[in-house]
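In what follows, chains carry the letters A, B, and so on, assigned in the order in which the sequence lines appear, proteins first and then strands, with residues in each chain numbered from 1. Predicted model only: the values in this text are computed from it and were never measured.
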Amino acid sequence: MGVMDFLIQGFQTAIQPQNLFFAFIGVLIGTAVGVLPGIGPMSGVALLIPVTATLTGGMDPSAAATSSIILLAGVYYGAMYGGSTTSILLNTPGESSSVVTTIDGYQMAKQGRAGSALSIAAIGSFFAGIVSIAGLVLLAEPLSEMALKFGPAEYFSLMLLGLAAVSGLAGGSITKAWMMTATGLLLATIGIDAVSGVARFTYDIPVLFGGLEFLTVAVGLFALGEVFKTILHKEEDGEKIAKVGRVVPTRSDLKQSAAPIARGSLLGFFIGVLPGAGATLASFFSYIAEKKLSKNPEKFGKGAIEGVAAPESANNAASGGAMIPLLTLGIPGSGTTAILMGALIMYNVQPGPLLFSDHPDVAWGLIASMFIGNLMLLILNMPLVKIFAKIIETPAKYLLPIIIAISVFGVYAVQATTFDLFLLIGFGLAGYLLAQNDYPLAPLVLGLVLGPMIENNMRRALTTSNGDFTVFIQQPISAFFLVCSLLWILVPFILRLKGKNVVVNIEG
Amino acid sequence: MRTGSFDRYASILFALLGAVFLLESRNIADSAYGSEIGPNVFPFLLGLILILLSVKLFLETVKTVQKQPNAQNPLQIKRFLIILVSSILYAAFLGMFGYLISTFLFLFISFQAMEKGNWIKNSIVAASFSFCVYYLFVVVLKGSLPGLPVWFS
């Protein structure tokens, strides 16, 4: 079967009524998550894992995995759409990936062109979504076929590269990022060792035998951590919400933004494919690129439509591109994709090269649903943007306690132990303290998700080599990955020594 | 950045964490069926790495000059503590009091902590949230949650 056949099959999966429903709910909640400042895509996806787990409870495992990943991915790219709304109307980015959109978007809103800015952002995001899905379709097969040839040594080195990329680009201090990675990997060793069956660090406490539940840790660190922060730091009332006005873009707006949308989509897609660099960097770079390419760069910052079109396309394309290493190699390149991976593993679906041969319905169903979801978002966002803008006015005094209640409900519904609830609150506090002091959280979650796999592959590789550690260098592909990860660590370090500013990924 | 003193404590804490894993990994049986590398090696190495990184962070904090914290909005300690303590109590008594009552109480107290007054509206919101979640989850989706206090069922 060729790619087209698989894609058609994927569409058949995606247009099943329940999957259409899941995609719709996903993008709807995603847009809301994007609009609400304080809940990012990471906490949004983490919060919804238990909800989807209960929604799909009665289905057979493979269909359940498909439906829930469709919903969760919808939240992810839906948040990229929604993030632009607050940037433009309120001058407050809903996500870190929409920070640059505020520069020109809010200026446009002040000039009464908020409607055009919002619709161009939606059109650009839609186009970018389609570009990244096309890229995903084209790259999925060859990449996963290549990855099938990898042995344990290659896998170990590849995962190390993934960790190096995310840690190298996360936050201000590389030391802190690596500490978070090591902590995540260490926490992953708690529980019964999958290879030998030996209990590690459990001290005969029954709840520890299964290890720390990934879901509990992710919801605690991201969702509760952010809620605690907002409770502690009272936010001042922001600027007034601008009037939306006409939602249909003018012909000249469309003409001016066509090229920036195309460039932003391509750039964003390639940045998204790279592990570690995410939507935030993509939007940032595409804004700079547009400013450099523009004939009159002084327009930027004063309400240039290109300054909205390019970054909004780029961040959406990047979120699609980030799905590629996740689905084909099983390496999440960012915090949000790490959470998606954790969700897949919860359903016993292992992302990676075998995903396309073992669970083609999951992989292709997801790809097809991303197409449908993007279409839904375009339709939702154009006429309903005024309603979404109203979500911003949700009073924080109700929102914050309800997020805590949803977290508790979600963890209890899946785990049903009081221990996990305490763990949740503990990680919430830790998440707040760590994030407040510039310790990036994404590497910790990534370490927790990748930990068991890294360890197993390392031990399998060392077993075949009789404990000889040089096996990782002797295999050429493995050595190549190791050199790449070394460069990823060393280059920013050397740049920093030279006193250059290194662009870091705030989103993680 | 005003992270100097936090980093110093954090580096000590993380070094301790690494040391615990490092030392405790020696108590794990290193027997491995058909494998050169036992289940103790990976945590041992990671513990070591974490200690080394913590030392590096500690040295970095010594070098950096402590800057004065810039004037910030005062932290809302009181409402945070009320909500934190009530979440802990909520977690502890969820199983005993059942979902409906404990969620209602938690939300009501937290709403009041966020903004005093308007207790009729707050209690309506809290009650409808707990009831809706319970109804959707248990009645519609057939999930299992402790609904009412243990002594009623």
Side chain / backbone / both / neither for Ala92(B) at chain A, heavy atoms under 4.5 Å: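 Both backbone and side chain of Ala92(B) come within 4.5 Å of chain A.
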Side chain / backbone / both / neither for Leu81(B) at chain A, heavy atoms under 4.5 Å: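 Contact with chain A: none, neither part.
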Distance (rounded to the nearest 0.5 Å) between [X] [atom1] and [Y] [atom2]:
X	Y	atom1	atom2	answer
Met458(A)	Phe42(B)	CE	CZ	6.0 Å
Trp178(A)	Ser54(B)	CH2	OG	14.5 Å
Leu224(A)	Ser87(B)	CG	OG	7.5 Å

Under a 4.5 Å cut-off applied to non-hydrogen side-chain atoms, are [X] and [Y] in contact?
X	Y	value
His233(A)	Phe80(B)	no
Leu57(B)	Tyr439(A)	yes
Leu433(A)	Phe6(B)	yes
Asn40(B)	Val198(A)	no

Chain A-proximal positions within residues 129-138 of chain B [heavy-atom distance under 4.5 Å]: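 The list, in residue order, reads Phe129(B), Val133(B), Phe137(B).
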Nearest atoms (heavy-atom pairs only) where Thr230(A) meets Arg79(B):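 In this case the closest contact between Thr230(A) and Arg79(B) is O-NH2, 3.6 Å.
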Minimum-distance pair of heavy atoms, taken over all atoms of Gln76(B) and Ile231(A):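 Smallest heavy-atom distance, with atoms named: CB-O, 3.5 Å.
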Pairs satisfying side-chain hydrogen bond (donor to acceptor under 3.5 Å, both in side chains), at least one member in residues 119-129 of chain B, at least two apart: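 Sorted result for residues 119-129 of chain B: Lys397(A)-Asn122(B), Tyr398(A)-Asn122(B).
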Listed partners of Ser86(B) passing side chain to side chain contact (heavy atoms under 4.5 Å, CB included), at least two apart: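 For Ser86(B) the side chain to side chain contact (heavy atoms under 4.5 Å, CB included) partners, ignoring immediate neighbours, are Phe106(B), Ile109(B), Ser110(B).
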List the atom pairs, donor and acceptor, that lie under 3.5 Å between side-chain atoms in residues 400-412 of chain A and the rest of the protein, sequence neighbours left out.
{"from": "Ser407(A)", "atom 1": "OG", "to": "Ile403(A)", "atom 2": "O", "distance (Å)": "2.8"}

